[in-house]
Amino acid sequence: MTYNFNDIEAKWQKYWAENQTFKAENNSEKPKFYVLDMFPYPSGAGLHVGHPLGYIASDIYARYKRHQGFNVLHPQGYDSFGLPAEQYAIQTGQHPAITTAENIKTYRRQLDQIGFSFDWSREVRTSDPSYYKWTQWIFIQLFNSWYNKDADKAEDISELIKIFVSEGNSKVNAVCDDNIEPFSAEEWKTFDTVKQQQILLQYRLTYLAETEVNWCPALGTVLANDEIVNGVSERGGHPVIRKKMTQWSMRISAYAERLLQGLDKIDWTDSLKESQRNWIGKSVGAAVSFKVLANNENGSHAEHVEASHVIDVFTTRPDTIFGVSFMTLAPEHELVSQITTPAQKAEVEAYILATAKRSERDRMADVKTISGAFTGTYAEHPFTKQPIPVWIGDYVLAGYGTGAVMSVPCGDQRDYDFAKHFNIPIPNIFEGVDISKEAYASKDNVVIANSDFLNGLNYKEATKKVIQELEKLGQGEGKTNYRLRDAVFSRQRYWGEPFPVYYVNGMPQMIDAKHLPIRLPEVEKYLPTETGEPPLGNATVWAWDTNKNEVVSNDLIDNKTIHPLELNTMPGWAGSSWYFNRYMDPDNTEAFASKEALNYWKDVDLYIGGSEHATGHLLYSRFWQKFLFDKGLVPVDEYAKKLINQGMILGTSAFTYEFMPSFDADSKYRYNTVLVSNSIFEKYKKKIVLDDDFFSTTFNIMFSSYSSSEKLKIRELVDKGKIGFGFMDRHVDVALINSSDELNVNEFKKWRPEFDDAIFIGEKGEIIEGDNDVYKVGREVEKMSKSKYNVVNPDQICVDYGADSLRLYEMFLGPLEQYKPWNTAGITGVHGFLKKLWKLYVGENGLLVNDTEPSKESLKTLHKTIKKVQEDIENFSFNTSVSTFMIAVNELTAQKCTSKDILEPLLVLLSPYAPHIAEELWSQLGHNESISTAPFPKFDASHLVESSKNYPISFNGKMRFTLELPMDFNAQQIEEAVMANEKTQEQLQGRTPKKVIIVPGKIVNIVG
RNA sequence: GCUCAAGUGGCGGAAUUGGUAGACGCGCCGGAUUCAAAAUCCGGUUCUUCGGAGUGCGGGUUCGAUUCCCGCCUUGAGUACCA
């Protein structure tokens, strides 16, 4: 009986599906364990071998935890809203729901054939109305909430309204829009509904705000910054205009501090946490207000500039306030127009115009050019009362902090460069620091000087002191700033969740939750409308009837009872921000998940996915979870205890090399195509030698259609340097390469008929005709992609070697977190291992396993393996356990082990990695239940006790030979035995050792 | 620029607390089997001037360093005028 993996795998996949072997129960006496993969976007290309890497790792862990007696939740689903399906719809008219469903089918087939232990009864799809009903529901909850800073949590908007009614908004400590006008309770009551709704929007956790976007009228679409080059569209060169659009935003900034603090509670990788910390960008410092001096005090004529203006700045270095020699505002700063003197007006306006023309990208890319303009106005230093010139400069960003800085050239390199460029003084306020060449930006080793009451203090002391003094003046306070911006939540796309929102008098109204889901309407075209509205603007049945509570035809809109619906859809991260909770109770129609299910499963114990989601999905989902927690809707405020990023599997691209001449333009010469093997390319790639065999032979081949005299003429041109030669490399499909990097020339010609007449020169330098020589390709590691022809499909691997081989090999490639290249040739190693394993159990005449007593060696092999595999799984070191299995099978084969006491537990160890072969052999051993129900073998250290040790004997730290000595020898006995050994004397060559280091059970090191 | 990660044979990688560097596998070389090939099995495979040398480079700590410390170099990822 041979190892017929195709039959075995099909058999057990069917068995698992029919018996629902991996269905998780929401009620169980067992402890729970939740293993989650980041769910995939089902793309049309299907899976390649890189995609399942993380799924295999999590599957091994999930299966291991089942053997350990846990009730394991290991679900899978699809993040099925998204751009590619929509692009395809635009091109073909095919409804995205149809392509998405087809793609999911392909994914499911591919996932099934790898033998994952997913509980498919819990599958979710974000584009399914029964799922996005709850995405819409959560959106409504966000709309109906505000962030109370005093309670440090989200609260219902009705609480806020109560406060407004009883005392106005002056005491409200909320995260909200800037510049909200204060009002009293009486005023609130006099406001009309629209006014009240406008005010409430400024507090809600999701709110409408005007945002500037790049609008291209010719293309009828919004463009991202990187789609615009020199002010025109990258495609077609159409003009682009800045347009304000009303967009939904999420007030994630309210959670900045909690998102930061929460990182300390969760076991995620340091690099990922670091990314999130950088993204949140907390800086601690001070807010300082500088009074603008009325211009007449400075001899200017601009009487209209009043002293009441104040420039607010944020600084992380309030300790350097005496080093301020100018202030800089962003050109877009709203005060600029108000404070500029008539004399400077022309210059300032020209500068603003010039910077406005430059795109954000240009400004960011061009950091070196220093530019700016003086406003003509001065501000007053809060302590010295000296006038400080106010400049504008585009190195100050309008979007960060207050859009204005106090410039301290001695302590900030950008301020320093600006000051040098415009000849502004650079006062030094650091004791013993040379600032003649550059600023001293460090906070360490600072002793403040020339700074009045701060003299002699260090950074910390001075910061504390100056904030106290600023507070006394009422011109500043300690402040913390975050880089994290509120997130735009609207997309001008079709294939996303519709908002449960209609508009009355321009104000957004939530549809009552009991009428959800609001389904995506049908549209004729998936493009934006001619008037620039999002694709939903094409829908003819897209209005809300507030009497019937249903979506009705647009014709009926009367703005009394029937109102227009929102035309934007939600972004990709909406559905993925809470799906991990839905898996706990996926079919619930009353809630996004029941309280019981949420309290039983609570959170994800292990989450595996790619690091590309570090600041997107993984931040937004933490934000939503914290919000749901505040509202008492989930029991924990961090949803994933442990997270691992799997590395990417890279492709090993293959290249052919064409050796070709480079003629001057309009050459009449025609030549034969010559492809050379890799070693020839390697030999000549740097320099082509004109007077050796290779060149003369190849030259003759290339120009074989010419007469000898003509060839001589061409050769002359070559020697004169008129014709040069070089190599052209081309990607070749890795499917045409064998395990020795040899190209199948005939198949290649079928794949690329234009090379039908090409001449192939092989490794030996011979023209390939039959099998006289071989053509080897060059290889390079690159990202796996269709265009590089290095994509390897798991389907073919499963056919040729089986899913168990694929699973083992993906793990065997290297550490889970690392980037590593795929090379299909290597799979024969793990495949051979499985065959060897099979032969250990099954001989030509049937099962070999019997009830003989296991030998000491076999017991040692088994327990060594149990220990190592258990440690490896718990450390996510799956590559090393594959090696361990190989060693175990090699040893047991050598021992001719047939004992059931050894071979049965070995199958349980292996089953998380290679579940199909393990199930098959398990059932052949007489078991009727799935191996997944078997307990994990117990490690017994007594089998590993040794009576002797093969000591490495080192001389000055270098191992020279080994010596077998009894384990119970003490240090003195060891030393005697070692010194008496003739090899020791040989090494010493008569010298007396200075010292002998002996660590019993470990090593012997002789010094001298 | 900053932050993070990583540099070990021809290749993927191993060495878990400082203790025999190169486990395991691929590839390659040699052999057995075969009419032949595939498959399978056995042996070898860091380099070497055969003394030794050797884990990106230069130092240091130690009896002993891939592992710890200091300084650099290279590669990859993220981020970028963040005050």
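Residue numbering restarts at 1 for every chain, and letters A, B, ... go by the order of the sequence lines.
- Legend: residues meeting side-chain hydrogen bond (donor to acceptor under 3.5 Å, both in side chains) with A:Y482, ordered by chain and number and at least two apart, are A:E257.
- The side chain to side chain contact (heavy atoms under 4.5 Å, CB included) search around A:M967 returns A:K949, not counting sequence neighbours.
- More than 12 heavy atoms of other residues, nucleotides or ligands sit less than 6.0 Å from atom CD of A:E874.
- Partners of A:Q818 under the side chain to side chain contact (heavy atoms under 4.5 Å, CB included) rule, at least two apart in sequence or in another chain, are A:P815.
- Taking a pair as Watson-Crick or G-U with both hydrogen-bonding distances under 3.5 Å, the stems of three or more pairs touching RNA chain B are B:1-7 with B:73-79, B:10-12 with B:24-26, B:27-32 with B:40-45, B:56-60 with B:68-72.
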Can you tabulate the close N/O pairs, meaning under 3.5 Å, that link protein atoms to atoms of nucleotides 26-32 of chain B?
unit_1: B:C28; atom_1: OP1; unit_2: A:S740; atom_2: OG; d: 2.8

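- Taking A:D270 as the reference, nothing meets the side chain to side chain contact (heavy atoms under 4.5 Å, CB included) condition, with sequence neighbours excluded.
- In this structure, the side chain of A:Y951 does not engage the main chain of A:F961 through any donor-acceptor pair within 3.5 Å.
- With sequence neighbours left out, the side-chain hydrogen bond (donor to acceptor under 3.5 Å, both in side chains) criterion links A:D800 to A:Q796.
- Classified by its glycosidic torsion, B:G54 falls in the anti category, the angle being over 90° from 0.
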* To do: Going 5' to 3' through nucleotides 44-63 of chain B, assign each nucleotide B (protein heavy atom under 4.0 Å from a base atom), S (under 4.0 Å only from sugar-phosphate atoms) or - (no protein heavy atom that close).
  => ---------SB--------B
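- With its glycosidic angle more than 90° from 0, B:G27 is assigned anti.
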Between the protein and nucleotides 36-42 of chain B, list the N/O to N/O atom pairs that are separated by less than 3.5 angstrom.
unit_1: B:U40; atom_1: OP1; unit_2: A:K835; atom_2: NZ; d: 3.4

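- Note on A:R277 versus A:D264: salt bridge recorded, some NZ/NE/NH1/NH2 to OD/OE distance being below 4.0 Å.
- Counting only residues at least two apart or on different chains, no salt bridge (charged side-chain N to carboxylate O under 4.0 Å, His left out) pair has a member in residues 816-833 of chain A.
- Heavy-atom distances under 4.0 Å link RNA chain B to A:S271, A:E274 of residues 271-278 of chain A, given in residue order.
- With 3.5 Å as the limit, one finds no donor-acceptor pair spanning the side chains of A:Q985 and A:N981.
- A salt bridge does not link A:E891 with A:K860: every distance from a Lys NZ or Arg NE/NH1/NH2 to an Asp or Glu carboxylate oxygen is 4.0 Å or more.
- The shortest side-chain heavy-atom distance between A:I644 and A:F876 falls under the 4.5 Å cut-off.
- Residues meeting the side chain to side chain contact (heavy atoms under 4.5 Å, CB included) test with A:K867, sequence neighbours left out: A:E871, A:F939, A:L944.
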